Every structure is written in C-alpha cells, then in structure tokens.
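One structure below.
None of the values given here were measured: they were computed from a predicted structure. Atom set for the values below is all heavy atoms of this structure, side chains included, hydrogens, waters and symmetry mates excluded. Numbering of ligands and ligand atoms starts at 1, following listing order.
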Amino acid sequence: MPDFFEKRAAIAERNWADAPLRQAAADWQDASRRRDYQYVLEWMGRPIIQDPQDVCYIQEIIWRTRPDVIVETGIARGGSLVLSASILAALSQGEWLETGTMKARKVIGVDIDIRPHNRAAIEAHPLAKMITLVQGSSIDQGIVDQVKAEVGAAERVLVFLDSNHTRDHVFEELKAYAPLVTPGSAIFVMDTGIEYAKEDSFQTSRPWGPGNSPLTAVNDFLALPEGKDFAKDLSIEKRLLITCATEGLLVRR
Ligand SMILES: C[S@@+](CC[C@H](N)C(=O)[O-])C[C@H]1O[C@@H](n2cnc3c(N)ncnc32)[C@H](O)[C@@H]1O
C-alpha cells in the first residue's frame, strides 16, 4: 500500500495535469488580482501582501533550507518580514529545546520607501530584534554592500525578491543577491506569475506586465554563466497550484 507521501505525490501529479483545475486556479489568480485580494491579509499583526497559498509556500522553503539569514527585498508594511522572522524564531526555539543552545537568526529587509509609521510598527513588533531594516533601492551598489555586510559569514542564506517587478530591476537583483545564496538554499522570486497574467488584470497602471516581468528576469538570469548554479524547482508549486510565484523558486546546487 502506498504511504502518505506517495499518495500525496500522486494527487499532486494528477491535479497538475488537470487542465480544468489549472484553469480554475488561473481564473482565481486573475479575479483576485483584479480585486486587490492580496492586500487584505496580515501575519502576526502586520499587513502582508501575499496570497495565503504563498504563505504556505514561504513556510515550506524556510523549513527546507533552515537559513541563518533571510534577505528580503520589498518590505511594504512588514508582513512578510514578520512571517519570515516568526518561522526563524520557531526553528531557533526548537533547536534550543533540543540542544540547549540557540542560534541567532535574522531577516534583513530592503525597501526604497520605508514609511515612518511602518518603520515604527515593525520596530515595535515583538520580533523586531530579529529584523534589520535597510532603506534604499535594492539594486543600488551601496545598499547591496550594506546587505552583504549585514549577512556577514552566515552559513545558510535564503533570498526573497518582492520589490519592483520589472524585468530589468529583478534581473539586477538576481545578479546582485545570487552570490549570497549558499549551496542548497534558494532565491524565491515573487510575482513571476505576472508573465502569464492578462494585460488588463491589474487595478492600477504598472510598469511591468507579460514580457517585462520577474519571470522574464528569471529566464534571462538562468541563461547567464552565474545563473548556471541555479535551477527552477516546481516541487512545491505543483502541490499548491495557486501561487503568485510561478516558476519563481530557484534552488542553488
Ligand atoms: C509588493 S510590495 C512588498 C510586499 C511585502 N513583501 C509583503 O509580503 O508584505 C513591494 C515593495 O517594494 C518596494 N520597492 C519598489 N521599488 C523598490 C526598489 N527599487 N528597491 C527596493 N524596494 C522597492 C515598494 O516600496 C514596496 O514596499
């Protein structure tokens, strides 16, 4: 008799091959994006701009890689920083209960525009001591150097990209932050699904769209010599079906 994980893999493969179900998932993405659904959720008191499925996605990536440091571009109101910090805190707490020693883990967040009220709320959060805020453009060399200095000699580093979603910006971010990613860890590129979105599905006018999206950047980056160490990993996406980060998980060999 197949065990649970074999059954689960079979369910996922069946669903992934199910064209009407995949279409229903794409229709949900489209309809929810048109209604700004991604803006209504929060994590531990901070607004988070994510689909609930992507919160599960992020949890699985962090659990798999067990990083010491997570670098995130695109903070907004801090929800994804607090999500990452909360999972890192749980990892460290579990290790402490098991071994009596606690690893200091942290999240480094970069945003070009950290509004004072958002900064104040993030800094007042119970997990604030695990969070370092860096203000500036994520592709500015001075900011990249600041992030590198903050990362220091961390053993395992995971990167999430969720800032400006144009191809050129994400391409520059990938080149700047990929060297920080340790073997076995990953870069998670959000909003790659823009590549497959309907042109008119965004409420407000945006500089990005199909052909000029985070996925365009991912594909161009993977074609570079420095992209050869990375490969797309669809194993979580195939189970989720609904994600804004289509083909967005790049694992470093
Ligand atoms: C989609 S929101 C981030 C959402 C957040 N990760 C969350 O899950 O709640 C995008 C953020 O990227 C920031 N941003 C835009 N351009 C940027 C740039 N050049 N460098 C860094 N951050 C940028 C915006 O200020 C905005 O706060």
- Message: With heavy-atom distances below 4.5 Å as the criterion, would you say the side chains of Asp111 and Ser163 are in contact?
- Response: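 Contact flag for Asp111/Ser163 side chains = no.
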
- Message: Classify the ring geometry of Phe188 against Tyr57: parallel below 30°, tilted from 30° to 60°, perpendicular beyond 60°.
- Response: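 Rings of Phe188 and Tyr57: tilted, 30 to 60°.
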
- Message: I'd like the contact residues of ligand 1, where contact means a heavy atom below 4.0 Å.
- Response: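 Shell around ligand 1 (4.0 Å, heavy atoms): Ile48, Ile49, Gln50, Gly74, Ile75, Ala76, Ser80, Asp111, Ile112, Gly136, Ser137, Ser138, Asp162, Ser163, Asn164, His169.
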
In a table with atom names and distances, give each donor-acceptor pair under 3.5 Å that connects a side chain of residues 12-20 to protein atoms at least two apart or in another chain.
unit_1: Asp18; atom_1: OD1; unit_2: Leu21; atom_2: N; d: 3.1

- Sequence neighbours excluded, which residues qualify as ring pair (Phe, Tyr, Trp, His ring centres under 6.0 Å) partners of Phe171?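 Partners of Phe171 under the ring pair (Phe, Tyr, Trp, His ring centres under 6.0 Å) test: none.
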
- Contacts of type ring pair (Phe, Tyr, Trp, His ring centres under 6.0 Å), residue Tyr37, not counting sequence neighbours: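 In terms of ring pair (Phe, Tyr, Trp, His ring centres under 6.0 Å), with neighbours along the sequence ignored, Tyr37 is linked to Trp28.
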
- Query: Using 4.0 Å as the upper bound for N to carboxylate O, is an ion pair formed by Arg252 and Asp229?
  - Reply: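 Yes, Asp229 and Arg252 are salt-bridged.
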
